[in-house]
Amino acid sequence: MNAAPQPIQIGKDATRAPLIDPFARQISYLRVSVTDRCDFRCVYCMSEDMSFLPKADLLSLEELDRVCSAFISRGVKKLRLTGGEPLVRRGIMTLFESLSRHLRSGALEELTLTTNGSQLAKYAAELKEHGVRRINVSLDTLDPDKFRDITRWGDLSRVLAGIDAAQAAGLQVKINAVALKGVNENEIADLVAWSHGRGMDLTLIEVMPLGDVGETRLDQYLPLSMVRSRLAERFTLDEIDYRTGGPARYVRVAETGGRLGFITPLTHNFCESCNRVRLTCTGTLFMCLGQEDAADLRTPLRASESDDALHAAIEAAIAHKPKGHDFVIDRRHARPALPRHMSVTGG
Ligand code: SF4
């Protein structure tokens, strides 16, 4: 009897090919904005009277899990949840919990988030339980009054308590600070000493005069080249090779032993190794920070319970990932998370 050989049953996902763009770059990093909302109103990010998206436009937590899982099945190894403020999304821990299965299976190497820290005291231990190891906390000043001025609604003591909780839970914390002329420019050296003194890397981000956020931002522009030369008066900044695949350039501060990163949004020099794409909370996939190209994943996601249409849409999108950015940032790109969140990784 000649029975036909049975194909070995492997999970459907395992048969999906990795996502490789037309420039032979494999997509291994996905940033997902899980909400456009935030409990702060940072002056360079939002106006005070922001109006937010209708809830129906947002991907549900289940849909976010589906789309993240689809990317993971195609070779995404690093997943970063962002916002707005990701920890203000109701039920967000269930998403971390469900995504943690991919860490346990080994399909995903890192699950992380960028947060303003306000909710960390509440969630740090749970994040650790769900496999999060490292987080980025956005913090521009250690002065409570300035902090209030920058964030409009924020309370520095809550953020500091959040960082304490994160470190107590065993999370590795990196601080991201936006350099703001006339606001924190005289404090940056102290931020370096403070961050490194607590065992945290610090990344400085150059702000760009973007969009309408309710105030004139042009006067906030502080070139990082200037910040760096001022820091060099107090610290020895040694060039190091450390790269995260993103736009930051790092130095080691000899006096503290800590790492200090610089992100200038205009930099082009990471495009050639760009391994990342960004998904908005409404399911729009951006292939490049500085280009218009975007793909709607929400429609195929909602069109059927099968993920076939979703995968086809992802493949079509990646086939159009541009080579690099011209860096024409417009208002649509700028909201809600730029410059702070988006420029952290360059999109
Ligand atoms: S910069 Fe971050 S913390 Fe500030 S309002 Fe925007 S999303 Fe919120």
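We number each residue from 1, following the sequence as shown. Order of appearance sets the numbers: ligands from 1, and atoms from 1 within every ligand.
- When distances to atom 4 (Fe) of ligand 1 are checked against a cut-off of 2.8 Å, Cys45 contributes no N, O or S atom below that limit.
- Residues in residues 311-321 take part in these salt bridge (charged side-chain N to carboxylate O under 4.0 Å, His left out) pairs, two or more places apart or across chains: Arg74-Glu315.
- Side-chain contact of Thr282 with Asp57: a donor-acceptor pair under 3.5 Å is absent, judged by distance alone.
- The closest non-hydrogen atom to atom 8 (Fe) of ligand 1, taken over Ser138, Ser118, Cys38, comes from Cys38.
- Distances below 4.0 Å separate heavy atoms of Phe40 from the following atoms of ligand 1: 3 (S), 5 (S).
- Residue Lys181 qualifies as open at atom NZ: its count of foreign heavy atoms under 6.0 Å is 12 or below.
- The side chain to side chain contact (heavy atoms under 4.5 Å, CB included) test with Leu279 singles out one residue from Thr82, Val34, Val67, and that residue is Val67.
- Shown in contact with Gly84 at under 4.0 Å from a heavy atom are these atoms of ligand 1, numbered in order with element: 7 (S).
- Near Asn116, with a cut-off below 4.0 Å to any heavy atom, the atoms of ligand 1 are 3 (S).
- Listed by chain and residue number, nothing satisfies the salt bridge (Lys or Arg N to Asp or Glu O under 4.0 Å) test with Arg89 (two or more places apart in sequence, or in another chain).
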